[in-house]
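To keep things clear, I will list the structure first and then write my remarks on it.
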Amino acid sequence: MMAPTEGAAGAGRRPVLDISDLSKTFPGTRALDNVAFDLYPGEVHALVGQNGSGKSTMIKILAGFHQPDDGARIELAGEEVTIHDTATSRDLGFRFVHQELGLVDELDTVENLALGEGYETGFGGRIRWRAARREARERIQALGYDFDVRRPVRELAASERTGIAIARALHDWESAKVLVVDEPTASLPSHEVAVLFEAIDRVRAKGLGVIYISHRLDEIFALADRVTLLRDGRVVGTYGTGELDEKKLVSLMVGGVELSPRIPRDPTVESKPVLEVKGLCGEIVEDLSFTANSGEVLGIAGLTGSGREEVLRLLFGDLPRTGEVTIEGRPVRPERPTEAVAAGIALVPADRTGSGSIIGLSVRENTTLTDLARHSHAVGRLSKKEELAETREWIEALDIRPPYPEAVFDSLSGGNQQKVVLAKWLRLKPRAILLDEPTQGVDVGAKATIHALARKAAAEGATVVVASSEDAEICDICDRAIIMRNGQIAGQIEVESMTPETIAEMQLGTVSTVG
């Protein structure tokens, strides 16, 4: 991979994108306040900030989803432009890989790649399916992926879906001016991140400007030439990546607020079996057995395809399974999520918008959805007053922003959406809390909050199971970790011996059980 280009924004060069006085006001919220930002040809300019800092709003303005307040100025290749809608944005030369990938789950790879592009047709206007499938395979394989392009997208792994979005965005990059990549590596394993970085390097070498958004700070230093920090809708500053280190960058992002250190296990909490699993089998998982105890945060680590992605959904009954799952001795039958909930199991899924919420409903409605009965006093009637009171308590406890119970869930940043999903399950006081990629696509502040909530639930006697593709997260939060490989347990590791390097070695099979 190319190193960040020194002097990408050198004197005398004209920006390909120059933004000034960019503001955006929503009812009750000023999301952006006189933001200035520029991007040069061949430069990767990172845009960072906590969830709710204004990054997504700025990108949606460039994409044509939102219109800025009066007075904003956007210049593209030296000419002032007005981005009326998404079609205008594309015509002007903007290309996007969004955190929400914009794929249609019921369609296959070929059909998703054709969205917005159309198909090659032959005699009589018939689609040349064989040629379309061949082209789709070539585009996917060029990014290092290898899967059946005829399978519906909903059946693919998260990393494979990300690959489709990347391939679609890069299809005609020669005619583009600016490529925006928004959290593209949130669910990618390390070798696929390297493939993406190489693709971005090829784009940069052709003179395209790249805006790169990621909460993984190591990526910023590995890839970007400059970084602009947003906080509360304002620009904190723009720096060359050589001027910063990770500690200083975090400090600038959170405004000098010191993040809490790792919270150790509470030794006063009685340790007894809560979740017991025997002979669990799924599509990849094979004969998995383990016990998770009260007061414990147990990690499930493994490379993509190891079975890690299946485990929590199998336990919750979201996927077909065989084997035994019990909560404090109570059997939980397979493929019955409602029975799992009744037994005291809660699942915060990796896909918070697709599976963890109803995005068109409010924060209040999503928060109370798991148990409406407590606010029902007549058949078919809810006490909105009680719902609002409880929701406000969770908003305050989890620092959900903006702090409005009636805010539409889809309008929240990723980190605040995740807090709402957590609230809706924590209110049930579950005995076993299953967290699947709990901090995927959230900022360092929200990550610290989510980790603290997990430790607090364990301290109150629950068992917490965390499945994560981030080895550092397993080390930060877990007391013990199970390492998956080829659908089975490759080893276990205790907190005293946990390091990202050791976990990675266990995933690859170079060492076995540690600790």
Side-chain angles (χ1 to χ4, degrees), residues 26-29 31 51-52 274 294 312 316-318 327-328 330 332 336-436 438-439 442 445-446 448-464:
F26 296 102
T29 303
N51 290 112
V274 173
S294 56
L312 302 191
F316 191 67
D318 191 37
I327 292 292
E328 297 179 324
R330 174 181 173 178
V332 180
R336 289 175 170 82
T338 54
E339 187 171 312
V341 174
I345 301 178
L347 172 65
V348 176
D351 183 4
R352 58 178 165 262
T353 56
S355 305
S357 62
I358 301 177
I359 61 174
L361 296 185
S362 66
V363 171
R364 168 182 58 83
E365 291 165 318
N366 273 283
T367 300
T368 61
L369 191 60
T370 46
D371 180 14
L372 295 173
R374 69 177 66 178
H375 299 310
S376 299
H377 302 291
V379 176
R381 298 191 66 180
L382 293 172
S383 170
K384 186 176 178 180
K385 181 179 180 181
E386 292 182 10
E387 280 190 291
L388 285 169
E390 184 188 6
T391 303
R392 289 192 181 100
E393 290 176 2
W394 284 108
I395 286 173
E396 181 177 357
L398 276 61
D399 191 25
I400 297 170
R401 302 180 188 180
Y404 307 136
E406 297 305 323
V408 177
F409 182 88
D410 195 33
S411 70
L412 272 59
S413 65
N416 286 294
Q417 288 179 348
Q418 189 74 331
K419 291 177 185 179
V420 174
V421 177
L422 276 164
K424 86 171 188 178
W425 288 114
L426 291 175
R427 66 190 291 264
L428 298 183
K429 300 187 181 302
R431 299 298 301 134
I433 304 172
L434 312 180
L435 305 179
D436 197 355
T439 60
V442 310
T449 298
I450 291 167
H451 286 181
L453 289 169
R455 297 281 358 160
K456 183 174 184 289
E460 292 173 351
T463 185
V464 180

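Throughout, numbering of the chain's residues begins at 1 and tracks the sequence.
Taking the side-chain hydrogen bond (donor to acceptor under 3.5 Å, both in side chains) definition, one finds that T439 meets it with E473, sequence neighbours left out. Looking at residues two or more places apart in sequence or on another chain, you find no side-chain hydrogen bond (donor to acceptor under 3.5 Å, both in side chains) involving T449. In this structure N366 satisfies the side-chain hydrogen bond (donor to acceptor under 3.5 Å, both in side chains) test with no other residue, sequence neighbours excluded. In this view, E339 and R333 satisfy the salt bridge (charged side-chain N to carboxylate O under 4.0 Å, His left out) rule, not counting sequence neighbours.
Side-chain atoms of R352 and V442, non-hydrogen and from C-beta on, do get closer than 4.5 Å to each other. At least one side-chain heavy atom of D351 sits under 4.5 Å from a side-chain heavy atom of T353.
In this structure, CG in D399 is found 14.0 Å from CH2 in W394, a value given to the nearest 0.5 Å. In this structure, L412 CG and I359 CD1 are separated by 12.0 Å, a value rounded to the nearest 0.5 Å. Taking CZ of R381 as the start and CG of L372 as the end, the distance is 15.0 Å to the nearest 0.5 Å. A distance of 10.0 Å separates CG of D436 from CG of D318, quoted to the nearest 0.5 Å. The OG atom of S376 sits 8.0 Å away from atom CD of E387, with the distance rounded to the nearest 0.5 Å. In this structure, L347 CG and I433 CD1 are separated by 11.5 Å, a value rounded to the nearest 0.5 Å.
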Walk me through whether R374 and L428 qualify under side chain to side chain contact (heavy atoms under 4.5 Å, CB included). CA-CA 11 Å; R374 69 177 66 178; L428 298 183; 3.9 Å; yes

Does F409 form a side chain to side chain contact (heavy atoms under 4.5 Å, CB included) with L361? I'd like the steps, not just the answer. CA-CA 6 Å; F409 182 88; L361 296 185; 5.9 Å; no

I'd like to know whether V363 forms a side chain to side chain contact (heavy atoms under 4.5 Å, CB included) with N416, so could you lay out the CA-CA distance, the side-chain angles of the two residues, the decisive distance to 0.1 Å, and finally the verdict. CA-CA 10 Å; V363 171; N416 286 294; over 6 Å; no

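Every pair passing side chain to side chain donor-acceptor pair (under 3.5 Å) that includes a residue from residues 403-412 is listed here, sequence neighbours excluded: R364-E406. The side chain to side chain donor-acceptor pair (under 3.5 Å) pairs that include a residue from residues 423-432 are E328-R431, T370-R427, E390-R427, where partners are two or more places apart or lie in different chains.
Without hydrogens or angle criteria, Q418 side chain to P438 main chain gives a donor-acceptor distance under 3.5 Å.
Between R392 and E396 there is no salt bridge, since no side-chain N of the basic residue sits under 4.0 Å from a carboxylate O of the acidic one.
A pairwise comparison of heavy atoms in A457 and V464 identifies CB-CG2, 4.3 Å as the closest pair. In plain terms, the two heavy atoms of A462 and P430 that are nearest each other are CB-O, 3.6 Å. Closest approach of I395 to P405, counting heavy atoms only: CD1-N, 3.7 Å. Of all the heavy atoms in V421 and P349, the pair that sits closest is CG1-CD, 4.5 Å. I327 and A343 make their closest contact through CG2-O, 3.4 Å (heavy atoms, listed as atom of the first residue, atom of the second, distance).
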